[in-house]
There are 2 protein chains.
Amino acid sequence: MRAVRRPGAYVCGIDAAMDVIGGKWKVLILWALDEKPCRFGELRRSVPGVTEKVLSSHLKELEEDGIVHREEYAEVPPRVEYSLTPRGVALNEALDPLGAWGREHVQPGTPTHSPEGVAVAGSDPL
Amino acid sequence: MRAVRRPGAYVCGIDAAMDVIGGKWKVLILWALDEKPCRFGELRRSVPGVTEKVLSSHLKELEEDGIVHREEYAEVPPRVEYSLTPRGVALNEALDPLGAWGREHVQPGTPTHSPEGVAVAGSDPL
DNA sequence: CGGGATCCGTATGGATACTG
DNA sequence: CAGTATCCATACGGATCCCG
């Protein structure tokens with residue numbers, strides 16, 4: 001994963017934000033968590049195609065970035081719950097117009113929200 | 001670069017949008033073009049650190065995605081001008097809240113817009 | 001000037017097996 | 001269940017040379 005943050009500084013806020021959500025599955029993770037807090041296994045099912053390692057890495061980074069909160073319960077069947085922090089909620093809101101743009105301009109018919117993992121069929125309209 | 005579009009389809013609009021702006025320098029390019037149409041050389045100067053090849057690739061992809069328009073003038077000193085399409089303008093607008101989020105949450109003090117010498121004091125090309 | 005072609009290093013992500 | 005460890009593939013980005 002991103003070994004370390006961009007050394008110097010960001011050129012702009014978008015640049016900075018992109019560094020946070022740059023992972024391949026991050027926005028999908030955020031999206032799933034936007035619905036409800038999730039356990040690791042749930043998340044894995046909600047984000048089809050992601051592997052444990054990558055999911056784990058992404059979650060760790062999102063946690064470091066203050067986007068998700070990780071609550072660990074020291075129980076016998078280990079239980080961990082991930083949820084969005086206020087900052088994460090704000091990020092998701094900021095992401096909304098971008099999602100609208102994507103739906104409008106690149107993939108008409110894309111669902112608005114389907115954390116269960118629905119994939120639409122369709123081709124590039126361009 | 002992205003050899004081909006994501007095989008199946010996108011899970012959501014954000015997912016789709018991310019595929020469009022996923023390149024390392026794309027948002028910076030968009031940002032520069034948001035100010036004014038630019039020639040290749042200008043762009044290269046506006047996006048410090050990017051190499052010709054990558055800039056070229058990114059521009060080509062952005063063009064394929066209908067984000068930028070490429071106007072080629074068959075003159076003796078070859079001249080090409082890149083500009084944002086309406087779709088590109090819309091994308092930039094959709095990116096705005098994300099930029100605001102980034103400025104607020106990850107890099108306080110990041111400038112709002114400075115496409116001229118995008119280099120912020122102290123910024124360091126990777 | 002505006003790139004295309006080539007070669008190459010690295011970061012990112014994937015598969016699988018294993019552990020607390 | 002919730003990860004970690006290891007190995008591996010490749011996409012991405014960079015340097016350089018070259019051409020219209």
Side-chain angles (χ1 to χ4, degrees), chain A residues 1-7 11 15 18-29 32-33 37-65 68-83, chain B residues 1-8 11 15 18-29 32-33 37-65 68-83 124-126:
Chain A
M1 208 94 307
R2 164 193 68 206
V4 66
R5 288 234 165 267
R6 301 274 282 272
V11 172
D15 193 19
M18 289 298 295
D19 194 35
V20 170
I21 57 173
K24 186 173 180 182
W25 309 95
K26 292 211 180 150
V27 297
L28 267 11
I29 295 172
L33 289 179
C38 276
R39 304 177 56 176
F40 190 86
E42 289 181 277
L43 233 28
R44 190 174 25 172
R45 266 169 270 124
S46 293
V47 184
V50 71
T51 60
E52 284 102 339
K53 180 193 135 187
V54 173
L55 179 54
S56 176
S57 312
H58 283 189
L59 283 170
K60 199 171 295 178
E61 290 184 8
L62 290 170
E63 196 193 346
E64 286 170 9
D65 290 334
V68 313
H69 171 69
R70 183 196 139 105
E71 189 69 42
E72 186 169 348
Y73 303 92
E75 302 172 355
V76 176
R79 202 163 70 95
V80 178
E81 274 215 344
Y82 294 92
S83 55
Chain B
M1 210 93 301
R2 164 192 67 203
V4 66
R5 287 229 166 270
R6 299 275 281 271
V11 173
D15 193 19
M18 289 298 295
D19 194 35
V20 171
I21 58 173
K24 186 174 179 181
W25 308 94
K26 293 214 181 146
V27 299
L28 267 11
I29 295 173
L33 289 179
C38 277
R39 303 180 53 177
F40 191 87
E42 289 181 277
L43 235 28
R44 189 174 26 169
R45 266 168 270 123
S46 294
V47 184
V50 72
T51 60
E52 284 100 340
K53 179 194 134 185
V54 173
L55 179 54
S56 177
S57 312
H58 282 191
L59 283 169
K60 197 171 300 179
E61 290 184 7
L62 290 170
E63 196 193 345
E64 287 168 9
D65 290 334
V68 313
H69 171 70
R70 181 196 143 105
E71 188 70 41
E72 186 169 346
Y73 303 91
E75 302 172 355
V76 177
R79 202 163 69 96
V80 179
E81 275 215 344
Y82 295 92
S83 55
D124 193 41
L126 298 180

Quick one: does A:L33's side chain get under 4.5 Å of A:L62's, heavy atoms only?
no
Could you tell me whether the phosphate oxygens of D:dC1, OP1 or OP2, come under 4.0 Å of any side-chain nitrogen or oxygen in A:Y82?
no
So does A:H58 get a side-chain nitrogen or oxygen closer than 4.0 Å to the phosphate oxygens (OP1/OP2) of C:dG13?
yes
Taking every non-hydrogen atom, the tightest pair across B:M18 and A:V27:
CG-CG1, 4.1 Å
Is the phosphate of D:dG13 approached by B:S57 (side-chain N or O, under 4.0 Å from OP1 or OP2)?
no
Measure the shortest side-chain to side-chain distance between A:I29 and A:V50 over non-hydrogen atoms and say whether it is less than 4.5 angstrom.
no
Is A:S56 close enough to D:dA2 that one of its side-chain N or O atoms is under 4.0 Å from OP1 or OP2 there?
no
Report the distance from atom CZ of B:R44 to atom P of D:dG14, rounded to the nearest whole Å.
14 Å
Nearest-Å distance for atom pair CG/C1', residues A:D19 and D:dG13:
15 Å
Length of the line joining B:R45:CZ and C:dG2:C1', which is rounded to integer Å:
12 Å
Apply the side-chain hydrogen bond (donor to acceptor under 3.5 Å, both in side chains) test between B:Y82 and each candidate in B:E42, B:H69, B:R70; give the one that qualifies.
B:R70
Expressed as a whole number of angstroms, how long is the span from A:L55:CG to C:dT12:P?
17 Å
Return the value, rounded to whole Å, for the distance between atom CZ of B:R79 and atom C1' of C:dG3.
16 Å
A:E52 has its side chain closest, among C:dA15, D:dT4, C:dG13, to D:dT4
Which whole-number value in Å describes the distance from A:L59 CG to D:dG3 P?
8 Å
Heavy-atom nearest nucleotide on DNA chain D for A:P78 versus B:G22: which residue maps closer to 5'?
A:P78
Give B:R39 one of three labels, base, sugar-phosphate or nothing, depending on what nucleic acid heavy atoms sit under 4.0 Å from its own.
sugar-phosphate
Give the rounded distance in Å between these two atoms: CG of B:L43 and P of C:dC1.
15 Å
Atom NZ of A:K53 and atom P of D:dC8 are separated, to the nearest Å, by 13 Å
According to a strict under-4.0 Å criterion, is A:R70 in side-chain N/O contact with OP1 or OP2 of D:dG3?
yes
DNA chain C nearest-nucleotide lookup for B:K60 and A:V50: closer to the 5′ end is B:K60
Spatial distance of atom CD (A:E71) from atom CD (A:E81) [nearest 0.5 Å]:
8.5 Å
